[in-house]
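So the structure is just underneath, and the comments pick up after that.
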Amino acid sequence: MAARNHTKWKQIPGQIKSGEYVDSRIYSDEDIFKKEMNTIFRKVWIPVCHESELPEPDRFRTTTIAGVPIMVIRDVDGTIHAVRNALERRPSGKIDSKIVFDNIPEFLHSDVKYGGFVWVTLNENPPTMEDWVDGSFDCMKESLNAEPLDVFHYHKAIIPCNYKLWHDTNSEFYHDYLHYHNRITGFNDSYFARENKCFNNGHVNVGSFEVQYDNYDGFESREELSFPHLPTNHWEMIDMFPGINFNLRGSALRVDVMTPLSPDKVMIEFRGLGLKSDTPEERIIRQRHHNSIWGPFGRNLHEDLLAVSTQQGTMHDHAEERRILHGRHENNTIHDEVGMRHYYDEWGRWMDMNPSKPEESYPYEEVKMVA
Ligand SMILES: [Fe+2]
């Protein structure tokens, strides 16, 4: 290949279409970030916690959505509510729910759904949860709804990257080559045949396949503790707009919820869930399965974190803008970037901003992002 000067370096290769790449400024620009908080995060449904974290009346949990403090709390009858929080600084605990309701009259829309997650939105006129998720939970809902779940692992981390980079790493699978564990246990024919499936509102599923855990030295088949209705050792994944991930690996469910803090900072809450009916012995095995891949010292998590934080390092707000390609087309199979194009198409519509050219409004009249 010929050497490139600066002008050539900045050119978009002729065969790459708008919609097949995004401009790096959408990961670093302060104004774009503020607009995302106001136009996207204040409108969407977020699973702020799991019902098992509010095990009895008067138990609460606090968090923020788009910078707005909120509280979820179980009332004396057992129903979970969401309110704007101006009262409580603790992350969780117990408080007289009557006092909360008397002092904070502003209720938010909330719903407990899809395996017992507590979904909240600041949107005053939100779509129903069913409309919002479209068919994206079809691959998993039987497994999540068969019996009560509970949280056995929780940690949160503030990661020096834009929230969309974390969503990208959950959505694309060519970075699997980075994961030694996945290369050893997963690269069979059915892995490469998996398909990305796009749903309304920017959500994407990644098709399932059978993972060969026992190919990894010291690991074991997860057959015995498979979630209900899940073929043994299968792996289902839902990437929800604008940054939520449900990841069911045979015996353990991982859920990532992101709270963007600034263009280059995101808080991620990582939860691991099992069946409430687990015996203590079963629970220990489930935790080991979860943590050996996704715990803070697990096989994969740190590799993903290293990747996204170094990506962000190349895209800070004084760096020259560059383009991140999403132009791979392979009949929707695992390394096709259709899921990325679908996500950024949704992002462009909400923001009325062309993610390929942020100074332009979104080209609604053309079908740009999804072929
Ligand atoms: Fe990964």
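Atoms within each ligand, like the ligands themselves, are counted from 1 in listed order. Values below: all heavy atoms of this structure, side chains included; hydrogens, waters and symmetry mates excluded. Sequence positions, counted from 1, serve as the residue numbers for this chain.
- In this structure, the ring of Tyr114 has its center less than 6.0 angstrom from the ring center of Phe137.
- Hydrophobic cluster membership of Leu261, counting Ile, Leu, Val, Met, Phe, Trp and Tyr whose side-chain heavy atoms lie under 4.5 Å apart directly or via other members: Ile158, Met267.
- Listed by chain and residue number, Tyr343 satisfy the ring pair (Phe, Tyr, Trp, His ring centres under 6.0 Å) test with His167 (two or more places apart in sequence, or in another chain).
- Under the side-chain hydrogen bond (donor to acceptor under 3.5 Å, both in side chains) criterion, the residue pairs touching residues 189-204 are Asp176-Tyr191, Asn188-Ser190, with sequence neighbours excluded.
- The line from NZ of Lys164 to CE of Met258 is 9.5 Å long, rounded to the nearest 0.5 Å.
- Protein atoms of type N, O or S found under 2.8 Å from the Fe ion (ligand 1) total 4.
- Under 4.0 Å is where a charged nitrogen must lie from a carboxylate oxygen, and between Glu359 and Arg25 at least one such pair does.
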